[in-house]
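These notes are about the structure you will find just below.
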Amino acid sequence: MREYLPILIVGAIVGTASLIFTLAYVFMKNKKEALGFDRQMKDSEIIRRLLAYAKPHTMAFVSVGFLMLFSISYDILSPLLVGEIERLVQGSFQLPTLYAYVAVYAGILVVSLICTYVQSLILQKTGQQILSAMRMELFEHIEQLSHARLHEIPVGTLVTRVTNDTNAISMMFTNLLVNLFKNVFVILGVLVAMLLLNYQLTLMVLCFVPFVVLFTVIFRKFSRRAYRRVKDGTTAINTFLSENLSGMKITQIFNREAEKNRAFRERSRALGSAKHNQTFVFGIFRPMVYMLYTSSVLCLLYLGGKGYIQSVSFLGQTLTSATVVTFYMYISKFFNPIQNLAEQFNWLQSALASAEKIFRVFDIPVDITDDPDAIEPEEIRGEIEFRDVWFSYVPDEWVLKGVSFHVRPKETVAFVGSTGSGKTTILSLICRNYDVQKGQILIDGMDIRKIKISALRRHFGQMLQDVFLFSGTIRSNILLGEEGYTDGEIMEVCRYVNADSFINRLEGGLDEAVRERGNNFSAGQRQLLSFARTIIHKPSVMILDEATANIDTETEILIQDSLEKMMNIGTMLIVAHRLSTIQHADNIILLSHGEIMEQGTHKELLAQKGRYHHLYTLQYHKEQLKG
């Protein structure tokens, strides 16, 4: 019994470590809510949804699997060849036989390397195709979300989902999954070879496998939590940067750089702490697996040394030097994949954590959808009717209360009222950025829900106060990707809305570069470009939301001239605070707290001596004082 005392000591050390980690796992399992175990999707569900993206590439993965069988031949056969060479050296040495073994060894190695290279090419191409498909599907889903949904999600979060998180999943398809299967096949192949070579010694090695499984299960919990915290920290930093880089001017104006630095430092420290925890978890997991590998090697060398030197058998079989050498290599081949699995397990947790966050975005319902029987009218005349419309952004906090009005084709209707009266909400409902809770909106006598969203918005042109220009050129911002227009047609539209007055002065003309958000153009220039962008797409209904706000006097004259021209194109809906800009409207609707208080022409409302008359008189006197 004394001769097996070293083995018993090793077993006691491994058992003690297993007990400690099992107790830690039980504690974590009981305290999972307090310590951040926020699993919301099962791994099986995540993997099932991920494999749906791999299904169209089944043949590519089958080819990779076929090549993988050849590539792992080196791992399984090389120890046997080295063992035979050891037996040859110990026995009747013959140089030609050694050359033959070396040639076979080299041939297996070359075949394995070639197969590995080809499979890598296939995987990279397939993985990028899967990544592109997922990224496109995610972007398209985000495009379909309503304004209400988009307002709930920070832009930085969505950017992280489309970029960082999809990259983690790309690693899963291009490297992780195949290596996982490869390691499993290597483990199985090596196990079979070991059993055929010496099944008694193989049983000794297998005694360490349950502990590997135990450590993997335990650290799986810790690793998943650590990776989720890293992902959350990355998202928090991206969201902070997206918001604060866009608002940097405000930070500088109010001299709040120090406060923003502190806020960014806090998020950086949180991410650093999360990565430290992740490193700590992995720093324990892999050494523990390596300890099991080292323990098995020590047991092999101890037993092999006793069997070869002292002719003491192990379970009835004497061990030779060739057997010890072969088993030493096999143990390395057996535990190396397990150690690789430990490292790949971190990548797997990263991919699963990223996939869970992506699928959460996919699971956000698209609440503004086409009815099954929705139609796609070729033209819209521009007749609009609200019938007892009620709407709220927050349940039971009504923004519109029983609003009813009628707009005839090619009429110009203006909405006025104090901030929060519901003016902009009406324009958003007409474009179906939101759906009403009560009542009905009709376009050309048809319920707005019976018209396909794409067709509806194609016939609407919106010109907002805060004009958004994309990075690119003036031409790309006017056309927005639509083709078939000549430079002459584009410039004709620009002349129509008076945008040619500054475009012709630019060195690049229509090809002049537009920086992010159009910050190299004035507010008036951006507004004129938005007019051109709207007119070139020939809308039937034009929506103007405070387009003349914060515009200099000279540009305002150009904009007013453009508005008068556009009134002849189709139905125009205007939201305005400056009443002097809407005197020529066919109908003016005054709103207050979501209800229509007055409506009529400018002259009719002044004659009523009501709220409109009061507001107009106040604004008139203010302008006189400024003048």
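Bear in mind that the values here come from a model prediction, so they are computed numbers and not experimental data.
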Separation between [atom1] of [X] and [atom2] of [Y], rounded to the nearest 0.5 Å:
{"X": "L131", "Y": "Q128", "atom1": "CG", "atom2": "CD", "answer": "5.5 Å"}
{"X": "M446", "Y": "E385", "atom1": "CE", "atom2": "CD", "answer": "13.0 Å"}
{"X": "E383", "Y": "T571", "atom1": "CD", "atom2": "OG1", "answer": "9.0 Å"}

| task | Let me know which of I384, V407, L456 forms a side chain to side chain contact (heavy atoms under 4.5 Å, CB included) with I430. | result |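 That would be I384; it is the only one of I384, V407, L456 passing the side chain to side chain contact (heavy atoms under 4.5 Å, CB included) with I430.
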| Any residue meeting ring pair (Phe, Tyr, Trp, His ring centres under 6.0 Å) with Y393, in chain and number order, not counting sequence neighbours |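 For Y393 the ring pair (Phe, Tyr, Trp, His ring centres under 6.0 Å) partners, ignoring immediate neighbours, are F391, Y434.
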| Does atom NZ of K438 have more than 12 heavy-atom neighbours from other groups under 6.0 Å away? |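 For K438, atom NZ is crowded (more than 12 foreign heavy atoms under 6.0 Å).
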| said: Looking at E512, I'd like to know if its CD atom is crowded, meaning that more than 12 non-hydrogen atoms belonging to other residues, nucleotides or ligands lie closer than 6.0 Å. | reply: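 Atom CD in E512 is packed in, count exceeds 12.
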Can any side-chain N or O of [X] pair as donor or acceptor with the backbone N or O of [Y] at less than 3.5 Å?
{"X": "E604", "Y": "T601", "result": "yes"}
{"X": "R457", "Y": "R432", "result": "yes"}
{"X": "S476", "Y": "G472", "result": "no"}

Going by distance alone, is a donor N or O of one side chain under 3.5 Å from an acceptor N or O of the other, for [X] and [Y]?
{"X": "S592", "Y": "R611", "result": "yes"}
{"X": "R135", "Y": "T166", "result": "yes"}
{"X": "D388", "Y": "S404", "result": "no"}
{"X": "T157", "Y": "T239", "result": "yes"}
{"X": "W398", "Y": "D396", "result": "no"}
{"X": "H459", "Y": "E379", "result": "no"}
{"X": "Q129", "Y": "S132", "result": "no"}
{"X": "T235", "Y": "R161", "result": "yes"}
{"X": "D367", "Y": "S146", "result": "yes"}
{"X": "N587", "Y": "E411", "result": "no"}

| query | So is R49 actually on top of F359's ring, under 6.0 Å and inside 45° of the axis? | reply |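 The answer is yes; both the distance and angle limits are met.
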| Given the side-chain rings of F386 and H406, with only the six-membered ring counted for Trp, is the space between their centroids under 6.0 Å? |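 No.
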| task | Go through the steps for L400 and E595 under the test side-chain contact (heavy atoms from CB on, under 4.5 Å), then give the verdict. | result | CA-CA 6 Å; L400 297 181; E595 298 180 86; over 6 Å; no
| request: Would you please test K450 and D371 for side-chain contact (heavy atoms from CB on, under 4.5 Å) and show each step? | output: CA-CA 6 Å; K450 299 299 181 183; D371 279 1; 3.6 Å; yes
| field | Nearest atoms (heavy-atom pairs only) where L429 meets I441 | value |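 The answer is CB-CD1, 3.8 Å.
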| query | Only one of R267, K357, K275 clears salt bridge (charged side-chain N to carboxylate O under 4.0 Å, His left out) with D232; which? | reply |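 That would be K357; it is the only one of R267, K357, K275 passing the salt bridge (charged side-chain N to carboxylate O under 4.0 Å, His left out) with D232.
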